[in-house]
Structures are given as structure tokens and as C-alpha cells.
Amino acid sequence: MKIALVQPRPLSSDPRQTFAIIEEWVSGVASLGADLVVLPELILPGYNRPEEHREQAQPLDGEWCAAMRDIARKHGCAICYGWAERLGDQVFNAASVLDKTGARVGHYRKIQLFGEMERASFDFGTEAPPVFELNGVRTGLLICYDIEFPEHARALARAKAELILVPTANPVGYDHVPDLLVRARANENAVVVVYANYAGPDREIDFGGKSVIAGPDGQAVAQAGRGPTTLIADLPKTADYPAEAISVQFDDFRRVE
């Protein structure tokens, strides 16, 4: 599977603008043959937008889900993205995976909420992280802080996951997560872990970048720096590691306003 990871600057909380930008990303990586693009945590409506989380949160199969489905189907590319999900009076920090036809194949509500803002904005997820088929690959789904707890990745590996997708929003000062913990989770479970972060400031939070695609050998197949970047890795079978990857400039895939 050829996987693209987008590490963007934080976006606005205007969904119309966000969807226009996401479509440019998906169109760009799909033109290079990517089968899947992985976006950061809470790309809708934005991570550091606590006043928007409950106000803008949408139900499963609402307008946001429909728009993402249309983008995946139009460009024939699977999408993993984080978003704020409403279920009755509850709001979850959620992530979904759509296949290239726009069908939702994976959905997860974050179990390990991080910090006061997340705990004030969201309810704790209560269901185990899922494992599902994507392009013939057994795939698991976590969100950010979840990957720092070994038991979650181990549970996915025991369910025969070969690939774990992790939308994230990791601030500066936590480089040990992409540099050590993500690689450890990949190595100890013999899986690929794709960890997609933001880059740069969003109000009082400065996101640290360093998104990484870690192979089963614990090494980085590809890793971003501090700035906006798109990584594309053509992942072979586990036995054929190390894989080959390229890093391309983020602005190749969207207009700079």
C-alpha cells in the first residue's frame, strides 16, 4: 500500500475552507498513486478550538462525513481523519477511515483524553479500538495519546493488525513520542505505525511536527521535520523492510493564500 501522511499548519475552524484544502491534499497525493492519506487529529473543526468542539460537532453520517466520503470517492483514495463527533448529548474526539469508494471501514472514539481542554470538551470513548480491512491490509486505529499506552497497540496486534493509523496533535516538548514511543510500538508489535501531526502554532499551542511512519524494525520509514510536510511511503510486505519513501513539500498539494 502506498501511504501519504499530511503534516499541515493548523487550519481555521471554517469547515468550508478546511474541505477545500483537504480536497487539494487528497487530489495531490492521489495523483502520485497514494492509496491512503492520513490527516491529523480533529482536523474538523481544529484541535485547539474548544469553543467549537461542542458547537460544531456532527453526528456520524452528517454533513462532514458526507463531504469526506465524496472527496475519497472522487479521487479514488482512502482517507483517515480526526473529527468531533456528536452522539446525542455526548461529544467524542473521533477518527474515521474511508476506503477509496467513500465507504466507512473504521471508526473510533478516543479512550485516552489528554489534558484539561480535551477532558472539558469530550466524553471518553468506551469501545475497543477497531481492526478492519483496508486495501487487503489488516488495519487498526488509535488517536494521539492512545499510542503512548502499550496495551492499546498490543490489543490491535493481537487482533492481527499489520498497520496502525494514529491521527495526532502533539505539541513541542513531546518529541519522545514520535522519536521513541511510536517506533517502540511498531517494533514490539511487528506492525507499521503512521503518526500524523500538525506543525506550528495554533493560539497558545505550538505543534511539534515530526510526524513519522515507523516500520516493524522500529526505524522510521519516513519522518517529517518541524514544518508543513507531506510524506509518501510505498510500504512492502513486512518481510521486505526497510521500505522506500519520499518526502515532498506540503505546498506542492495546495495553494498558498
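Just so it is clear, the values below take in all heavy atoms, side chains as well, and ignore hydrogens, waters and symmetry mates.
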Participant: Atom CG in Leu5, atom CG in Asn197: separation rounded to 0.5 Å?
Facilitator: 9.0 Å
Participant: Not counting sequence neighbours, list each pair that qualifies as a salt bridge (charged side-chain N to carboxylate O under 4.0 Å, His left out) and has a residue in residues 35-47.
Facilitator: Glu41-Lys110
Participant: Applying salt bridge (charged side-chain N to carboxylate O under 4.0 Å, His left out), can you list everything that pairs with Arg49, at least two apart in sequence or on another chain?
Facilitator: Asp202
Participant: Under the side-chain hydrogen bond (donor to acceptor under 3.5 Å, both in side chains) test, which residues partner Arg226, sequence neighbours left out?
Facilitator: Asp175
Participant: In the hydrophobic clustering (ILVMFWY, side-chain contacts below 4.5 Å, transitive), which residues join Leu87, or is it alone?
Facilitator: Phe92
Participant: Under the side-chain hydrogen bond (donor to acceptor under 3.5 Å, both in side chains) test, which residues partner Ser96, sequence neighbours left out?
Facilitator: Trp83, His107
Participant: Taking 4.0 angstrom as the limit, do Arg69 and Asp61 come out as a salt bridge?
Facilitator: no
Participant: Determine which pairs satisfy salt bridge (charged side-chain N to carboxylate O under 4.0 Å, His left out) with at least one residue from residues 120-130, sequence neighbours left out, and list them in order.
Facilitator: Arg54-Asp123
Participant: Can you list everything that forms a ring-ring contact (aromatic ring centres under 6.0 Å, His included) with Tyr198? Sequence neighbours excluded, please.
Facilitator: Phe207
Participant: Could you list all the side chain to side chain donor-acceptor pair (under 3.5 Å) pairs where at least one residue sits in residues 184-193, not counting sequence neighbours?
Facilitator: Arg154-Asn189, Arg185-Glu188
Participant: Apply side-chain hydrogen bond (donor to acceptor under 3.5 Å, both in side chains) to Tyr81 and list each qualifying residue two or more places apart in sequence or on a separate chain.
Facilitator: none
Participant: Among all residues two or more places apart in sequence or in another chain, which pass the side-chain hydrogen bond (donor to acceptor under 3.5 Å, both in side chains) test with Arg86?
Facilitator: none
Participant: Excluding sequence neighbours, so at least two apart, what forms salt bridge (charged side-chain N to carboxylate O under 4.0 Å, His left out) with Glu116?
Facilitator: none
Participant: Mind checking what makes salt bridge (charged side-chain N to carboxylate O under 4.0 Å, His left out) contact with Asp89, not counting sequence neighbours?
Facilitator: none
